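Only one structure is covered here, and it is reproduced in the block below.
Keep in mind that this is a model prediction, so the values were computed, not measured. All heavy atoms count here, side chains included; hydrogens, waters and symmetry mates do not. Numbers restart at 1 for each chain; the letters A, B, ... are given by sequence-line order, proteins then strands.
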Amino acid sequence: MPTINLSSYQQFSLDKTLGCGQVFRWDQTDDGWWYGVVDGRVVRIRQEGRQIIYHGAPGSFIKNYFSLDLDLMSILASIDQDPFIHTAISRNSGLRIIRQPKWECLISYICSTNSNIPTIRRRIASIAERFGKPIDFEGKTYFTFPEPYSISCGELEDLTPCRLGYRQPYIFGTSCSVTDEKCWDEMIEKLPYKDARKELIKLKGVGPKAADCILLFAFQKYESFPVDVWIRRIMRENYLPDLLKNAPLTVRDYDTIRNFARNHFGIYCGYAQEYLYAARKQ
DNA sequence: GACCAGGAAGAGT
DNA sequence: ACTCTTCATGGT
């Protein structure tokens with residue numbers, strides 16, 4: 001079984017990384033193995049101390065996917081700007097932001113709007129089951145996440161069994177847009193954060209929050225700071241108590257929060273966001 | 001049944 | 001550029 005030996009300065013927690021809610025297609029079995037479908041293959045992986053044991057993908061893929069090349073300790077030191085984030089960091093140490101496949105991440109966060117994590121997971125699994133390709137792995141059938149054309153080549157109504165609600169036309173429309181625009185991801189990737197954000201928001205179903213998640217989780221734009229209801233609550237209670245108590249989140253409040261975070265935590269404020277989010281129920 | 005969840009679109013100002 | 005309303009689904 002292939003393994004990766006982490007060096008003593010290579011901070012990493014597989015469980016924190018896969019369990020924090022940034023990805024939706026990983027499951028952990030009772031005996032500690034994580035199973036996930038990534039980039040058209042099934043991966044089985046677990047951590048034992050400083051060893052990562054895995055099967056189903058090359059080591060170079062694993063290292064890149066989990067961004068093991070990044071100096072996490074330096075990143076955490078740079079965002080460690082106050083006692084509250086300090087506690088969140090120490091409780092979730094080793095959490096790394098994954099380099100997610102871009103197209104899957106885009107659809108995942110269109111599915112995420114106004115929903116909880118179990119519901120999001122079910123929607124994405126259902127899309128894969130109906131439009132992806134089956135893979136048999138250790139006696140069980142898994143499904144790849146479909147290409148854009150696999151969705152756009154059909155009808156809008158083909159998505160109905162996935163129970164996406166009002167997101168159904170957004171998923172279909174964005175699938176068509178991305179099918180039409182070849183290399184949409186390379187176009188986004190070349191742009192700086194602000195311009196990339198504007199481009200993403202042009203897609204149906206992608207607003208400020210989804211765009212920031214996609215930029216953070218798939219495009220390595222670590223200066224993005226997604227604001228959902230949890231982050232807003234945490235920021236209100238610990239950093240910006242003057243914000244409104246119970247009104248819907250406005251664009252202005254969203255910008256106030258992310259601008260504060262960018263100034264307070266620095267260029268890796270996206271990492272700060274993920275540690276704060278991981279600490280939301282602790 | 002009310003309320004909430006990793007919000008966004010569209011219409012009306 | 002700002003409110004306000006509506007949107008479909010599942011969990012608690």
* On a whole-Å scale, what distance lies between the P atoms belonging to C:dT6 and B:dA2? -> 16 Å

* P-based separation of B:dA11 from C:dA8 [nearest Å] -> 15 Å

* Structure fact -> With the side chain defined as heavy atoms from C-beta on, A:T119 is closest, among C:dG10, B:dG7, B:dG10, to C:dG10

* **Rounded interatomic separation in angstrom, taking CG from A:L159 and C1' from C:dA8** => 14 Å

* May I have the distance from A:L203 (atom CG) to B:dG7 (atom C1'), rounded to whole angstrom? => 16 Å

* Across the strands shown, which category fits A:Y170 at heavy-atom distances under 4.0 angstrom: base, sugar-phosphate, nothing? -> sugar-phosphate

* Answer with base, sugar-phosphate or nothing: what part of the nucleic acid does A:L276 contact at a heavy-atom distance below 4.0 Å? => nothing

* Scan A:S115 against the nucleic acid and name what it touches under 4.0 Å (heavy atoms): base, sugar-phosphate only, or nothing. => base

* Asked: Around A:E138, counting heavy atoms of other residues, nucleotides and ligands shown, do more than 12 lie under 6.0 Å from its CD?
  -> yes

* To do: Give me the ring orientation class for A:W184 and A:F219: parallel if the planes are under 30° apart, tilted from 30 to 60°, perpendicular past 60°.
  => perpendicular

* With nearest nucleotides of DNA chain B determined for A:K204 and A:S112 from heavy-atom distances, which residue corresponds to the more 5′ nucleotide? -> A:S112

* Which of parallel (below 30°), tilted (30 to 60°) and perpendicular (above 60°) describes A:F260 and A:F265? -> perpendicular

* Which part of the nucleic acid does A:Q168 contact within heavy-atom distance under 4.0 Å: base, sugar-phosphate only, or nothing? -> nothing

* Asked: Between A:I120 (CD1) and B:dG7 (C1'), how many Å, whole number?
  -> 11 Å

* Asked: How long is the line joining OH of A:Y166 and P of B:dG7, in whole Å?
  -> 8 Å

* To do: Indicate, with a heavy-atom threshold strictly under 4.0 Å, whether A:P208 touches base, sugar-phosphate, or nothing.
  => sugar-phosphate

* Asked: Side-chain N or O of A:R167 less than 4.0 angstrom from OP1 or OP2 on B:dA8?
  -> no

* Take A:W230 and A:G205, find for each the nucleotide of DNA chain B with the closest heavy atom, and name the residue whose nucleotide sits nearer the 5' end. => A:W230

* Asked: Is A:R121 touching bases, backbone alone, or none of the nucleic acid, heavy atoms closer than 4.0 Å?
  -> nothing

* Could you give the distance separating B:dC3 and C:dT5 at their P atoms, to the nearest angstrom? => 16 Å

* Round to a whole Å and report the spacing from NZ of A:K281 to C1' of C:dT12. => 11 Å

* Structure fact -> The nucleotide from B:dA5, C:dG10, B:dG7 with an atom nearest the side chain of A:R233 is B:dA5

* Structure fact -> Separation of B:dG10 atom P from A:K202 atom NZ, nearest Å, is 16 Å

* To do: Kindly point out which of B:dA8, C:dT9, B:dG10 is positioned nearest to the side chain of A:R123?
  => C:dT9

* For the pair A:Y170 and A:Y166, name the ring-plane relationship: parallel under 30°, tilted 30 to 60°, perpendicular over 60°. => perpendicular

* **Between B:dG7 (C1') and A:N116 (CG): distance, integer Å** => 13 Å

* Mind checking A:R122 for me? I need base, sugar-phosphate or nothing, with any heavy atom below 4.0 Å counting as a touch. => sugar-phosphate

* **Atom-to-atom span, CG of A:N114 to P of C:dT6 - whole angstrom** => 15 Å

* Mind running salt bridge (Lys or Arg N to Asp or Glu O under 4.0 Å) on A:D69 and A:R96 for me, showing each step along the way? => CA-CA 11 Å; A:D69 54 306; A:R96 285 175 182 264; over 6 Å; no

* To do: Remember a base hit wins even if backbone is also touched, and classify A:V206 as base, sugar-phosphate or nothing at under 4.0 Å, heavy atoms.
  => sugar-phosphate

* Counting distance only, does the side-chain N/O of A:S175 pair as donor-acceptor with the main-chain N or O of A:I171 below 3.5 Å? -> yes

